Number of protein chains: 4
Amino acid sequence: MSPRTRKQFDAIRHTRRLQIMETALKLFALEGYGNCTISRLASQAAISKGLMYNYFDSKEALLESVIEQGLNDIMELIDPDHDGVLTSDELVGFIRKIFSSIRSRQEYWILFITVIMQPKVKTHLKDKPIIHYVEQFSSMMLEYFKKRGFEDPYLELVNFSAMIEGFGVLLMYAYPIFEFPEEMMLKFENRIIDMYT
Amino acid sequence: MSPRTRKQFDAIRHTRRLQIMETALKLFALEGYGNCTISRLASQAAISKGLMYNYFDSKEALLESVIEQGLNDIMELIDPDHDGVLTSDELVGFIRKIFSSIRSRQEYWILFITVIMQPKVKTHLKDKPIIHYVEQFSSMMLEYFKKRGFEDPYLELVNFSAMIEGFGVLLMYAYPIFEFPEEMMLKFENRIIDMYT
Amino acid sequence: MSPRTRKQFDAIRHTRRLQIMETALKLFALEGYGNCTISRLASQAAISKGLMYNYFDSKEALLESVIEQGLNDIMELIDPDHDGVLTSDELVGFIRKIFSSIRSRQEYWILFITVIMQPKVKTHLKDKPIIHYVEQFSSMMLEYFKKRGFEDPYLELVNFSAMIEGFGVLLMYAYPIFEFPEEMMLKFENRIIDMYT
Amino acid sequence: MSPRTRKQFDAIRHTRRLQIMETALKLFALEGYGNCTISRLASQAAISKGLMYNYFDSKEALLESVIEQGLNDIMELIDPDHDGVLTSDELVGFIRKIFSSIRSRQEYWILFITVIMQPKVKTHLKDKPIIHYVEQFSSMMLEYFKKRGFEDPYLELVNFSAMIEGFGVLLMYAYPIFEFPEEMMLKFENRIIDMYT
DNA sequence: CATGAATGAGAATTCATTCAT
DNA sequence: AATGAATGAATTCTCATTCAT
């Protein structure tokens, strides 16, 4: 009888928001941002077209939110609050964290990678703080390779990055045709750790 | 002025076709297939919208042609006419061929990779002979790793693929921000060759 | 705390109604009926969208009420209960009443004029008693001009109406940029009175 | 067989543009900008919805063009290239020009006035050169009244403006119910001339 | 072979209105 | 009496495609 409280409304909004963003991530990844219509998105999320606009200003704003969310997750993995020097243990921890996340949230990451590889989306990334994070991380890695006596630190950075990102691409291309066996993932993870510690 | 001969007409048509496809590759890569309009494409290619339809039945047909062209180039690299057994020298030749092509036609490959990574396009690949080629090549590689005594051939396949594809992704993400130094590319190429021969 | 009495409820309702109508008049005038959304209207009136529908059946009904209110005010000015013959004193009284109302409720009248000039609204006026009032008043004026020996009573009616309405338009166009000095208004008022008595 | 020449295309575009703008003026006036849909506009102009967007970037841009056109016509009437001083003959000429234009293009002017009185449109006028013209003209009139010995030039400016604009409003309110007899218009025109020369 | 005006189906977006709480 | 999430019809706008010239 009495109207919902502010708190109740906030809870509703929060849930709905996530629900829409989840659907959007999936559809943007499977159909591509440009080929995915708001209509289909709404019906997949089991809401009306209009409601989407109650939560996001536009299709593009929805994309922004989805990206933002994923970038935050990535930044979480890269772990920002460092003193700028990477120890061997930290590198191991970092690699384990990445692969552990890939394993436990495989579908999420594949979808997200698929989304951010789209040209329209790449453009958006330019102004994001993620760029800063990545650069910071890269120089930490270079420093690490130098200190560990690797002959050509920059080559190692390329190699390291290529292996991680290449693995992502493999997953992405395999999906949704077949799944990588968990055991194989672990071996690959260990291979990288062995190479660099 | 005598009328153009049949041969001349054919030459014009051929040139125009290539000109359109080149523009399409660039725009599909930079803006994404879904965000690229025929209008912009035509004006970029310096022809009229109508003329495009004189050369390609539809936007999708144009995409098909662009993909087809690129896949043929890739299949050329993978080298189809094999007896099914890969020698060490052949692998080296193969790797050198890939990297050489990347170096000499860097922009082309980046654009092409960007195009075929788009979800809409991935779908198209399902029915293409390229899939067959890739599978054939994969089993050749597995065979090779087995014969060369690698402990876990499948892991090596993943590693090998990840390195190559990951390198492509690095290039793609760097483009058009900065260019990889040629020297670094060569080192990476040698690193892969060293690992697997 | 005892529950509110019926009377109190009615008072609240009445106040709220006026509050909504005032906001509506302002927004309909400033943004135009068609460009003014219920959402903005509600937030301007500091109530919820839903509540608006508790007081008015629809946006159009709200417009109706706003118009009705203004028309009543105008009819009040024109003074309906007449024997059909206008004396010189009555005309003076009438003109003074109009200008006095304009001066004391300048903003209100400007907003109202702005609203009823909108095409959508003009249509509504067709069926209103106001038309009847205006016609009645016009023939009274014609009669008056005839009796006072004006050469072309119809021309005078046009002239008289044009001056009054034209003044309204000037106000409307000036608003909200600058205000007419009160003194000037008085002079203009006297000019009309001088012309016609 | 051969494609149309540039000139032919330009001619087509010019004609169509005018045709669309004419329809727009009528509909914006009769239904109001906000209540007039592109669909109805297109079908009234006997073109497809899409074509409108080939000629105007948006509904708002179309409105802009319509306004621009009308303002140019008005500025034509006000006659810009003056030395800043108004002679009695010039004033007569000016008044005659205005009324002559009203008589010969009555419907056009009514529609245009109806359009620019809409709140949404009033806003647009702020940045237009017309404002400058009107101000220039006003000061010329003030100067004129002063020189001719009118007691209160500013009052006369108000009176003069009110008569002209008020007449426009009368026309606008009468339309499309009944038409003013031409004879009456002439008398009113002469009345203004008599008053001020 | 070449052009760009024209079409129309369909996509994004808006907003009056309803309704559970 | 009061709230704002939810709806969906209507609206603006886009763009692949056609076609007269």
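Just so it is clear, the model here is predicted, and its values are computed rather than measured. Just so we're on the same page: letters track the sequence lines, and every chain starts at 1.
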D:Lys49 side chain vs D:Arg40 backbone, donor-acceptor pair below 3.5 Å:
no

Would you confirm whether C:Glu31, through its side chain, and D:Lys120, through its main-chain N or O, come within 3.5 Å as a donor-acceptor pair?
no

Assign each of B:Glu60 and A:Lys49 the nucleotide of DNA chain F bearing its closest heavy atom; nearer the 5' end lies the nucleotide of A:Lys49

In whole Å, I'd like the distance from the NZ atom of D:Lys59 to the C1' atom of F:dC13.
12 Å

Watson-Crick/G-U partner (both atom distances under 3.5 Å) of F:dT21:
E:dA2

Pairing check on F:dG8: which nucleotide meets the Watson-Crick or G-U wobble criteria with it, both distances under 3.5 Å?
E:dC15

Find the distance A:Phe9:CZ to F:dA5:P and express it as a whole number of Å.
6 Å

Could you give the CD1-to-P distance, from A:Ile12 to F:dT3, as a whole number of Å?
16 Å

What integer distance in Å separates B:Arg40:CZ from E:dG4:C1'?
18 Å

Is C:Asn54 close enough to F:dA1 that one of its side-chain N or O atoms is under 4.0 Å from OP1 or OP2 there?
yes

C:Leu51 near the nucleic acid: base, sugar-phosphate alone, or nothing, with a heavy-atom cut-off under 4.0 Å?
base

Comparing A:Met52 with B:Tyr53, nearest DNA chain F nucleotide closer to 5' gives the residue A:Met52

Ranking F:dT7, E:dT17, F:dA1 by distance to the side chain of A:Ser48, first place goes to F:dT7

Please tell me which of the listed nucleotides, E:dA6, E:dT13, E:dC1, lies nearest to the side chain of D:Tyr55?
E:dA6

Could you check whether A:Arg6 gets within reach of a base, just the sugar-phosphate, or nothing at all, counting any heavy atom under 4.0 Å?
nothing

Any side-chain N or O of D:Arg16 under 4.0 Å from OP1/OP2 of E:dA6?
yes

Taking A:Gln69 for its side chain and A:Glu64 for its backbone only, find out whether a donor-acceptor pair lies under 3.5 Å.
no

Send over the distance from A:Ile38 CD1 to F:dA10 P, rounded to a whole Å.
20 Å

D:Gln44: what forms a side chain to side chain donor-acceptor pair (under 3.5 Å) with it, not counting sequence neighbours?
none

